[in-house]
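Encoded as structure tokens, the structure appears first; notes follow it.
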Amino acid sequence: LSDWSRRHSEAVVSTQSTGGIAMAKLPAARHIKQAIMSMDPSHITRESIAALVRLIPSDEEKNMIVEAKLASPDIPLGKEEDYVYTLSVIPDIQSRLHLWAFMIDFDAMEDEVADYLMDLKECCKELQTCQTFHLIISYLLEIGNFLRQAQDDGFDLQFLSKVADIKDTVKKQTLVHHIATMMHSNHPERGDLHKEIGHTHRVGRIIFDEMEASISKMDELCDNCWEHLRTISKHTSSTNEVLQKQLTFLKSAAERINTLGVVMKRVRNRYYNLLLFFGIDPVKKFIPPDEFCRVISEFALEYRTAIESVIQEQAKKKKMKERRKTRGIKITDVKNSKEVKEKGGSTVENNGVQEPNNSKKKGIFGKTKSNVTQETPETPDEVTWSLEKALNKSEGPRKRTRLKSKMNQRKSLRRTLKNGLTEEELIAAGIK
């Protein structure tokens, strides 16, 4: 670059917030004017529009470049100065870029508000018709009346945020756990409350005032775009295709914004009716939808944890009850009883062991004591059981014998010296 280009490149481009980084992602200077005039989305994206808005030179910078170019027409401009000069000669570039950005962003802004209004509408409907939620708050009201010895008709739903902190004095279980136990015992068909109020969770995550501000912002941007369109139409033919496209879009956008405003009022009235349904006067005490739904959503999450714990506890108790039925019985005995039941034969219990029911007595090896030569086939388990029984009878009770010590013939030396030895002991010792 020339000395002038180096000096003025710093003076002009340094004032921009993005500099060469933004210019590297933009179209070339020879294509930028046509792309902006025709609003070609293939060359300029939404991010490029934001970068171009920041690169638009001020009047002082524009005059500086023009004066320097007139003073030295033979010296070419630098890359940055040439790009900024190209932007400065585009008629009404700021109005065109702002209008183009609004046309790109409008659909996303409209969808965000419309989705919220739909969720709020469905939230009002599901809270009024959710029988699981109605049963839970009815049980909570009954417990509160019982503890307070009162007969109140209702309570503030903001109390749901404190239910998880209340515990009994015996097992230290929360009030939510007791309500979940009652619901599981009396209404096992009722499902998970957390899954039944999906729209309530989404409404609780979005601030209601922000949605009203979004509609007001869209209306304000649309009015500004009408001013930009009037500015552009002064330097553009009325038959221009791009101008007609912009005019049609702004008319449609204005109608859609008005529709969103009407829908917002109707949904707000539905929410007022929901507050009245739960006994809350919206005139005296207005609760924003996000705060109201957040309390119910957090309670539903606590309730889901409690109901899952109750179901697991009930399943564990049932399993332990089934295990107690077979406690103290051998595995082989249980198998024998199952085999006999499958054959259809009746069984008789004998000391906790299942025996086949037979009118004739059996011998040691399972054979019947009769003159009939035909023998009934026996299973290996029955033969083993008969052998074990016969061996236990033949052996009888065992007698425990005390083992004698190997030193049982030893005598005390003190008694020997005191009493002396007998004649037999003297002979045995070889003394006599």
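Here the CD1-CD1 distance, from Ile32 to Ile93, works out to 7.0 Å after rounding to the nearest 0.5 Å. A distance of 9.5 Å separates OG1 in Thr259 from CZ in Arg256, rounded to the nearest 0.5 Å. Ser297 OG to His199 NE2: the interatomic distance, rounded to the nearest 0.5 Å, is 13.5 Å. Atom CG of Leu127 sits about 4.5 Å away from atom CD1 of Ile296, to the nearest 0.5 Å. For the atom pair CG (Leu274) and SG (Cys293), the distance works out to 7.5 Å, reported to the nearest 0.5 Å. To the nearest 0.5 angstrom, Ile232 atom CD1 is 12.0 Å from Arg230 atom CZ.
The residues Glu291 and Arg294 are annotated as not salt-bridged, no charged nitrogen and carboxylate oxygen being separated by less than 4.0 angstrom. Between Asp290 and Arg202 there is no salt bridge, since none of the side-chain N atoms of the basic residue sits less than 4.0 Å from a carboxylate O of the acidic one.
Counting non-hydrogen atoms of neighbouring residues, nucleotides and ligands closer than 6.0 angstrom, the CZ atom of Arg46 exceeds 12 such neighbours. Environment of CG in Asp281: crowded, with over 12 heavy atoms of neighbouring residues, nucleotides or ligands closer than 6.0 Å. Within 6.0 Å of CZ in Arg270 there are 12 or fewer heavy atoms belonging to other residues, nucleotides or ligands. Dense packing is recorded around CG of Leu141, with more than 12 heavy atoms of other residues, nucleotides or ligands lying under 6.0 Å away.
Asp40 and Ser42 share a donor-acceptor pair across their side chains, judged by distance under 3.5 Å alone. No side-chain donor from either of Ser161 and Glu298 sits under 3.5 Å from a side-chain acceptor of the other. Side-chain N/O atoms of His134 and Tyr139 include no donor and acceptor closer than 3.5 Å. Between the side chains of His235 and Asp92, a donor-acceptor pair is found at a separation under 3.5 Å.
Here the two rings, on Phe249 and Phe106, have centers that are under 6.0 Å apart.
Shown here for Lys121 and Val267, the closest heavy-atom pair between the two residues is N-CG1, 4.2 Å. Contact detail for Trp100 and Ile36: the closest heavy-atom pair is CZ3-CA, 4.3 Å.
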Could you please spell out the steps behind the side chain to side chain donor-acceptor pair (under 3.5 Å) verdict for Glu126 and Thr200?
-> CA-CA 8 Å; Glu126 69 185 7; Thr200 305; 2.8 Å; yes

Full working for salt bridge (charged side-chain N to carboxylate O under 4.0 Å, His left out) between Glu322 and Lys319 | CA-CA 5 Å; Glu322 293 294 332; Lys319 185 178 180 180; over 6 Å; no

When you look at Tyr271 and Phe208, which way does the ring-ring contact (aromatic ring centres under 6.0 Å, His included) test go after all the steps?
-> CA-CA 12 Å; Tyr271 177 68; Phe208 179 74; 7.1 Å; no

